[in-house]
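Some notes on the structure that comes next.
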Amino acid sequence: MADDKKLTPRAEDFSAWYNEIVLRAELADYSPVRGCMVIRPSGYGIWERMQRALDDQFKATGHRNAYFPLFIPQSFLEKEAAHVEGFAPETAVVTHGGGKKLDEPLIVRPTSETIIYAMFAKWVQSYRDLPLLINQWANVVRWEMRTRLFLRTLEFLWQEGHTAHATHDEAEAETRKMLGVYRDFMEGWMAMPVVTGRKTDSERFAGALRTYSCEAMMQDNKALQAGTTHNLGQNFAKAFDLKFQAESGSIEYAWNTSWGVSTRLIGGLVMTHGDDIGLRVPPQLAPVEIVIVPIYKTDEERARVLEAADRIVQGFGAWEHREPGRLRVHVDARDGIKPGAKYFEWEMRGVPVRMEIGPRDLDKDQVVLVRRDTREKRPASLNTLAEDVAELLSRIQADMLIAARERREQHSIREPITYDRFRELMDGEGAFVYAGWCGDAECEAQIKADTKATIRVLPDEEFRSADAPKSCLRCGRPASAEAVWAKAY
RNA sequence: CGGGACGUAGCGCAGUCCGGUAGCGCACCUGAAUGGGGUUCAGGGGGUCGCGGGUUCGAAUCCCGCCGUCCCGACCA
């Protein structure tokens with residue numbers, strides 16, 4: 001760990017503060033390859049829990065996992081016009097194999113629509129084969145110019161769902177359903193509140209009919225696009241000849257959807273919950289929910305305290321082999337490191353609850369519990385400890401979401417504001433600004449040029465203001481929709 | 001890809017202007033004491049100074065090229 005004891009103040013430089021947490025909490029590291037990242041065990045532990053929770057949800061909604069190739073023939077990408085236009089500039093291309101030049105270059109997948117729907121076309125003949133609901137966990141490559149740990153790397157690990165349906169409405173329902181799955185995960189597991197809604201044409205996925213997004217607010221008041229779902233219409237079905245015979249006997253093109261979230265979510269977690277001490281991990285995602293720090297002076301005390309810790313762990317179940325309903329506990333029995341040093345280390349890593357056990361506590365049949373989120377410290381009786389701790393953990397989970405949502409609402413502007421004030425806001429502290437939009441892409445582009453802010457989403461009904469805005473933020477013409485404006489990562 | 005800063009031990013840095021024995025703090029190893037919020041003392045290990053070329057008796061230091069990192073733009077999940 002580095003020499004200096006405090007983190008970079010986030011007010012001064014949010015980026016530096018973010019990097020500091022990611023590196024010091026050992027979530028990730030730079031790789032020898034430019035723009036790529038190594039996810040370290042403590043980061044991967046969080047990701048594994050995310051992955052399992054998401055995968056369970058995908059299964060529960062009828063999806064099955066499959067695996068498709070890393071390489072995509074260049075001609076596949078070119079079959080869908082908008083798709084190739086969107087992705088061609090950021091593809092990595094393999095031109096040689098076995099020491100020889102390839103007849104056709106292979107694209108390292110930036111996303112797998114093309115190769116997956118080419119396969120779907122083989123698998124689907126009848127309406128009875130639909131819906132086809134597939135998910136893939138894979139790494140993809142997008143040759144970004146500027147990279148950032150977790151948030152934008154050349155190669156990243158994600159999940160991409162791909163489905164085929166018989167009707168537009170069914171595909172649309174699937175697109176909305178998966179957006180809901182994402183939202184529930186981000187709020188329920190990550191304690192990261194999001195605003196959901198539809199993307200404007202300029203931010204729509206290359207090749208999609210409609211794109212929906214979950215947008216979270218980071219602590220510098222910028223937006224993070226945390227997950228997107230796309231109704232692809234029949235665009236890819238037509239490009240890859242994905243057809244089926246309907247009940248009526250007619251031959252029709254299928255309707256596709258795709259949706260994905262990535263390890264970017266870990267970055268979102270850091271930027272939502274990190275503080276100046278380090279990371280804060282919501283209990284649901286914490287590989288270790290409770291860390292026990294034993295306190296002792298003599299060998300006798302050490303034996304006594306560790307024995308008590310052991311009993312408590314037996315009561316909870318060891319975290320490496322957690323049974324459903326048990327708690328994930330770790331005893332930090334390292335000798336020669338003072339308790340204070342251990343406190344700082346585990347706080348940096350974001351473990352939700354710390355349990356201190358010393359001779360003075362055992363004399364009183366108690367331990368001391370410290371919450372990572374509020375740093376609140378209190379004694380707890382040994383008799384009811386398991387229930388007490390389980391209750392505390394679920395309260396922390398709930399409180400973290402509430403705190404994050406309150407913070408977001410404090411930095412959301414719903415009152416009508418002048419364009420000058422808007423520019424000032426985007427230039428300074430930032431915000432989610434709910435305001436009218438005339439629906440003109442040129443107006444949207446001009447605002448982006450002026451302020452770097454974009455329409456994050458045209459929000460879903462529950463996020464819309466009670467009084468619909470009447471005029472466009474910039475041009476003053478009648479508003480066709482309410483939009484959430486913000487600068488984004 | 002354009003502008004700026006930087007690359008020296010695992011991490012953070014000094015040394016570079018003005019060429020001449022590779023340094024500091026933390027971390028790590030050994031020993032002793034210590035132990036309820038970042039322990040102390042003593043001893044020790046660890047380096048092709050980002051890579052390649054050039055100038056020179058001699059290069060971390062000067063020159064050229066390349067690679068990488070960070071920040072600001074353009075692009076994007």
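By convention in this document, chain letters (A, B, ...) are assigned in the order of the sequence lines, proteins followed by strands, and residues within each chain are numbered from 1. Model, not experiment: these values are computed from the prediction.
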Checklist entry - Can you tell me how far C1' in B:G65 sits from the matching atom in B:G23, rounded to whole Å? => result 30 Å
Checklist entry - So, A:Phe205 versus A:His83, ring centres under 6.0 angstrom or not? => result yes
Item to check | C1'-based separation of B:G54 from B:C11 [nearest Å] | outcome: 34 Å
Next on the checklist: Under 4.0 Å, counting only non-hydrogen atoms across every strand here, what does A:Arg354 touch: a base, just sugar-phosphate, or nothing?
Outcome noted: base
Checklist entry - Does the side chain of A:Asn231 come under 3.5 Å of the side chain of A:Glu172 through a donor N or O and an acceptor N or O? => result yes
Checklist entry - Contact class for A:Leu151 (heavy atom, under 4.0 Å): base, sugar-phosphate, or nothing? => result base
Checklist entry - Below 4.0 angstrom, N of the basic side chain to O of the carboxylate: do A:Arg302 and A:Glu307 qualify? => result no
Checklist entry - Which nucleotide, in any strand shown, forms a Watson-Crick or G-U wobble pair with B:U16, with both distances under 3.5 Å? => result none
Next on the checklist: Ring centres within less than 5.5 Å and planes less than 30° apart: is that true of A:Phe344 and B:G38 in this structure?
Outcome noted: yes
Checklist entry - When we call it a touch if two heavy atoms are under 4.0 Å apart, what does A:Val368 touch: a base, just sugar-phosphate, or nothing? => result base
Checklist entry - Would the number of heavy atoms belonging to other residues, nucleotides or ligands and lying under 6.0 Å from CD of A:Glu85 be above 12? => result no
Checklist entry - How would you label the contact of A:Glu356 with the nucleic acid (heavy atoms, under 4.0 Å): base, sugar-phosphate, or nothing? => result base
Next on the checklist: Need one value for A:Gly267: base, sugar-phosphate or nothing, where a base atom within 4.0 Å counts as base even if backbone is also close, heavy atoms only.
Outcome noted: nothing
Checklist entry - Hey, does A:Glu203 reach any base, or is it just sugar-phosphate, or nothing, if we go heavy atoms under 4.0 Å? => result nothing
Checklist entry - Between atom CD in A:Glu345 and atom P in B:C26, what is the gap in whole Å? => result 18 Å
Grab the N/O contacts between the protein and nucleotides 32-35 of chain B below 3.5 Å, and write none if there aren't any.
residue : atom : partner  : partner atom : Å
B:G35   : O2'  : A:Tyr296 : O            : 2.8
B:G35   : N7   : A:Lys297 : O            : 3.4
B:G35   : N1   : A:Asp335 : OD1          : 3.4
B:G35   : N2   : A:Asp335 : OD1          : 3.1
B:G35   : N2   : A:Gly336 : N            : 3.0

Item to check | Rounded interatomic separation in angstrom, taking CZ from A:Arg34 and C1' from B:U69 | outcome: 11 Å
Next on the checklist: What contact category does A:Pro359 fall into here, base, sugar-phosphate, or nothing, at under 4.0 angstrom with non-hydrogen atoms?
Outcome noted: base
Checklist entry - What interatomic distance, in whole Å, is found between C1' of B:A22 and the corresponding atom of B:A60? => result 8 Å
Checklist outcome for this item: Residues at least two apart in sequence or cross-chain that pass side chain to side chain contact (heavy atoms under 4.5 Å, CB included) with A:Arg204, listed by chain then number, are A:Asp201, A:Ala208, A:Thr211
Item to check | Pairwise P distance, B:G4 and B:U21 [rounded to whole Å] | outcome: 34 Å
Next on the checklist: So A:Thr153, base contact, sugar-phosphate only, or nothing? Heavy-atom distance under 4.0 Å.
Outcome noted: base
Checklist entry - Looking just at side-chain N and O atoms, do A:Tyr117 and A:Asn235 make a donor-acceptor pair shorter than 3.5 Å? => result no
Checklist entry - For A:Thr228, which contact category applies under a 4.0 Å heavy-atom criterion: base, sugar-phosphate, or nothing? => result nothing
When you compare the protein's N or O atoms with those of nucleotides 48-51 of chain B, which come within less than 3.5 Å of each other, and at what distance?
none

Checklist entry - Given the P atoms of B:G31 and B:U48, what is the spacing between them in whole Å? => result 28 Å
Item to check | CZ (A:Arg142) with more than 12 external heavy atoms under 6.0 Å | outcome: yes
Checklist entry - Do A:Arg371 and A:Asp399 sit within salt-bridge range, that is, some charged N less than 4.0 Å from a carboxylate O? => result yes
Checklist entry - Across the strands shown, which category fits A:Lys199 at heavy-atom distances under 4.0 angstrom: base, sugar-phosphate, nothing? => result nothing
Checklist entry - What do the steps show when you test A:Trp346 against A:His330 for ring-ring contact (aromatic ring centres under 6.0 Å, His included), and what is the final call? => result CA-CA 11 Å; A:Trp346 292 109; A:His330 174 68; 5.4 Å; yes
Next on the checklist: Could you tell me how far B:U40 sits from B:C1 if I compare only their P atoms? Round to whole Å.
Outcome noted: 49 Å
Checklist entry - Which value, in whole Å, describes the distance between the C1' atoms of nucleotides B:C62 and B:U56? => result 10 Å
Checklist entry - NZ of A:Lys342 versus P of B:G37: gap in Å, rounded? => result 13 Å
Item to check | Rounded distance in Å between the C1' positions of B:G45 and B:U30 | outcome: 10 Å
